[in-house]
A.B. asks: 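Dropping a structure here in structure tokens format, bear with me for questions.
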Amino acid sequence: MPWFDEATQHKEELIEIRRYLHMHPELSFQETKTAEYIANYLTSLDIPVTRNVGGNGLYGVIEGKLPGPTLLLRADFDGLPIQDLKDVPYKSQVPGVMHACGHDGHTAMLLIAAKIIKAHTDEIKGKVVLCHQHAEEVLPGGAKSMIEAGILEGVDYVFGTHTSSSLDSDKISFITGPAYGFADAFTIDIKGLGGHGAAPHTTHDAIIATSHLITQLQTIVSRGIDPIVTGVLTIGEFNSGDAFNVIAETAHLSGTLRTYDKAIKQIMLERMHEIIEGIEKSFSVDIAFNFTDGYPALINSDKETLWLKSISEQIPDIQEVTEGTPSLGGEDFAYFLEKRPGCYFNTGVKNEALHADFPHHHPRFDMDEKGLLNGVRVFVNLVEHMDELSIK
């Protein structure tokens, strides 16, 4: 009997774990109780645990009895600063904090997968690293610090999954190549010379300068980037002015830059500097530009993605294994894939009848928990056949 057939018998425990975590979320870099819960569960399975890896991260290791590669499976476990508005028994008990992105489901899947995998230690051809990562939601992200702490030492391949509220709960999707974009952030502060609204000639109007700046920044993508190539520059914040009859002296902008291509990112960044310099000269203002590199683009490696597809298609409970649609959202699993080959796939949890179709980061986000069983099945089947990776 294939190992993935054992997932169904753990359905109730899977749901119990997910709901407990959903009721007790913790924000990024504050997930001490969640980390303790995970460590205790792994320890109860007689899986050795290394704690405080790059912060609140931790991992367990299952050593197979037979030779083979080392496979890292990852789940993140931080929540978001969002008030849970669902009317369900497992609603978040922490005011203003909830698992609105499915990380509770990610953790539950990996813990149940660990339980099944541990029961087959004598059959495992290689080693499995169970990576439970903190702080995916907030820069610089937990993946980066866990890698710096050495979690990838000896690891050959990396795999992870994200729940998807836009994918039916009987489906799995994968993306070959670029799946998530660079997630960079910037702030721009403009300083001019304020004054009376009736005497504009005595001022250097920060609002006028900033308005022209925004307009010109939007031409970087529309007129400076090949339309076949993906690039986004969004201004998400514009603050200036205090009174109707006062010309503003300062203005503040913040925004994000997104693309899959590092060379395109560099072109966009260079044009931003050039436009800012031109605005300074044109409007006699001073501009401070601060750019923060976010998560890198997440690019699934071809061989491992196709292998994951074939592994998923072996599981009868998964009704469809489909090619997904790339996103310009950010995901710090990209750091793992920069260092090792692997794939980050989507596990469907959508079910309109259960009201499990709200988007991620929505205060009513929920999931069809039966979909989580498919994530467990894929993880388990990856491990059962991981020796194939070395020969493909």
A.B. asks: May I ask you to check whether over 12 heavy atoms, not counting those of K265, lie within 6.0 Å of atom NZ?
C.D. replies: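 Correct, the count exceeds 12.
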A.B. asks: Have a look at L80 and tell me which of H360, H361, H103 forms a side chain to side chain contact (heavy atoms under 4.5 Å, CB included) with it.
C.D. replies: H361
A.B. asks: Do the side-chain N and O atoms of D368 and S169 include a donor-acceptor pair separated by under 3.5 angstrom?
C.D. replies: yes
A.B. asks: Verify whether one side chain among E331 and Y344 offers a donor that lies under 3.5 Å from an acceptor in the other.
C.D. replies: yes
A.B. asks: Do the side chains of E249 and K191 get close enough for a salt bridge, i.e. N-O under 4.0 angstrom?
C.D. replies: yes
A.B. asks: Run the side chain to side chain contact (heavy atoms under 4.5 Å, CB included) test on Y157 and E304 for me, step by step, so that the C-alpha distance in whole Å, both residues' side-chain angles and the decisive distance to 0.1 Å come before the verdict.
C.D. replies: CA-CA 8 Å; Y157 304 96; E304 288 70 27; 3.4 Å; yes
A.B. asks: Step through it carefully: locate the ring centre of Y260, locate the ring centre of Y180, and say whether they are under 6.0 Å apart.
C.D. replies: no
A.B. asks: For D366 and Y90, does a side-chain donor sit closer than 3.5 Å to a side-chain acceptor?
C.D. replies: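 The answer is yes; a qualifying pair exists.
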A.B. asks: Output, in order, the C-alpha distance, side-chain angles, deciding distance and verdict of side chain to side chain contact (heavy atoms under 4.5 Å, CB included) for E6 and K115.
C.D. replies: CA-CA 10 Å; E6 299 172 28; K115 189 171 191 175; over 6 Å; no
A.B. asks: Show me the donor-acceptor pairs within less than 3.5 Å that the side chains of residues 235-248 make with the rest of the protein, sequence neighbours left out.
C.D. replies:
from	atom 1	to	atom 2	distance (Å)
E237	OE1	H252	NE2	3.4
E237	OE1	S254	OG	2.6
E237	OE2	N239	ND2	2.8
S240	OG	T250	O	2.7

A.B. asks: With no hydrogens and no angle check, just 3.5 Å: does a side-chain donor-acceptor pair link D104 and H22?
C.D. replies: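 Yes, because at least one side-chain N or O of D104 sits under 3.5 Å from a partner of the opposite role on H22.
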A.B. asks: Can any side-chain N or O of N40 pair as donor or acceptor with the backbone N or O of E36 at less than 3.5 Å?
C.D. replies: yes
A.B. asks: Output, in order, the C-alpha distance, side-chain angles, deciding distance and verdict of side chain to side chain contact (heavy atoms under 4.5 Å, CB included) for T347 and I172.
C.D. replies: CA-CA 5 Å; T347 297; I172 292 288; 3.8 Å; yes
A.B. asks: Taking atom types as modelled, is there a side-chain donor on T234 or R258 under 3.5 Å from an acceptor on the other?
C.D. replies: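 No, R258 and T234 have no side-chain donor paired with an acceptor closer than 3.5 Å.
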A.B. asks: Between I175 and V321, is there a shared hydrophobic cluster once you connect ILVMFWY residues whose side-chain heavy atoms come closer than 4.5 Å?
C.D. replies: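 Cluster IDs for I175 and V321 differ.
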A.B. asks: For the CG atom on D87, are there more than 12 heavy atoms of other groups (residues, nucleotides or ligands in this structure) within a distance under 6.0 Å?
C.D. replies: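 For D87, atom CG is not crowded (no more than 12 foreign heavy atoms under 6.0 Å).
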A.B. asks: Mark yes when over 12 heavy atoms from residues, nucleotides or ligands other than K118 sit less than 6.0 Å from its NZ; otherwise mark no.
C.D. replies: yes
A.B. asks: When the ring planes of F291 and F186 are compared, do they come out parallel, tilted or perpendicular, using 30° and 60° as the limits?
C.D. replies: parallel
A.B. asks: Do H385 and E388 get their side chains close enough for a donor-acceptor pair, meaning under 3.5 Å?
C.D. replies: yes
A.B. asks: When you measure from the side chain of S92 to the backbone of V94, do you find a donor-acceptor pair of N or O atoms at a distance under 3.5 Å?
C.D. replies: yes
A.B. asks: When you compare the side chains of D76 and Q133, does any donor N or O come within less than 3.5 Å of an acceptor on the partner?
C.D. replies: no
A.B. asks: Before you tell me yes or no, could you show the steps for T8 and R377 under side chain to side chain donor-acceptor pair (under 3.5 Å), namely the whole-Å CA-CA distance, both residues' side-chain angles and the distance that decides it to 0.1 Å?
C.D. replies: CA-CA 9 Å; T8 303; R377 292 173 179 127; 3.0 Å; yes
A.B. asks: Hey, quick one: are I220 and F182 part of the same hydrophobic cluster, counting side-chain heavy atoms closer than 4.5 Å, chains of contacts allowed?
C.D. replies: no
A.B. asks: Give a yes or no on whether the backbone of G57 and the side-chain of R51 come within a donor-acceptor separation of less than 3.5 Å.
C.D. replies: no
A.B. asks: What side-chain donor-acceptor pairs closer than 3.5 Å can you find for residues 281-290, not counting sequence neighbours?
C.D. replies:
from	atom 1	to	atom 2	distance (Å)
K281	NZ	E277	OE2	3.4
S282	OG	G278	O	2.9

A.B. asks: Inspect the surroundings of CD in E153 and state if more than 12 heavy atoms from other residues, nucleotides or ligands are less than 6.0 Å away.
C.D. replies: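 12 or below, so no.
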A.B. asks: Which of parallel (below 30°), tilted (30 to 60°) and perpendicular (above 60°) describes H134 and F77?
C.D. replies: tilted
A.B. asks: For K33, does the NZ atom sit with more than 12 other heavy atoms under 6.0 Å from it, leaving out its own atoms?
C.D. replies: no
A.B. asks: Hey, is NZ on K125 packed in by over 12 heavy atoms from elsewhere, all under 6.0 Å?
C.D. replies: no
A.B. asks: When you group the ILVMFWY residues by side-chain heavy-atom contacts below 4.5 Å and let the links chain together, are L71 and Y335 in the same group?
C.D. replies: no
A.B. asks: Between the side chains of S28 and D78, does any donor sit under 3.5 Å from an acceptor?
C.D. replies: yes
A.B. asks: If we count only N and O atoms by modelled type, under 3.5 Å, do the side chains of E313 and S310 hold a donor and an acceptor together?
C.D. replies: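 No, no side-chain donor-acceptor contact under 3.5 Å.
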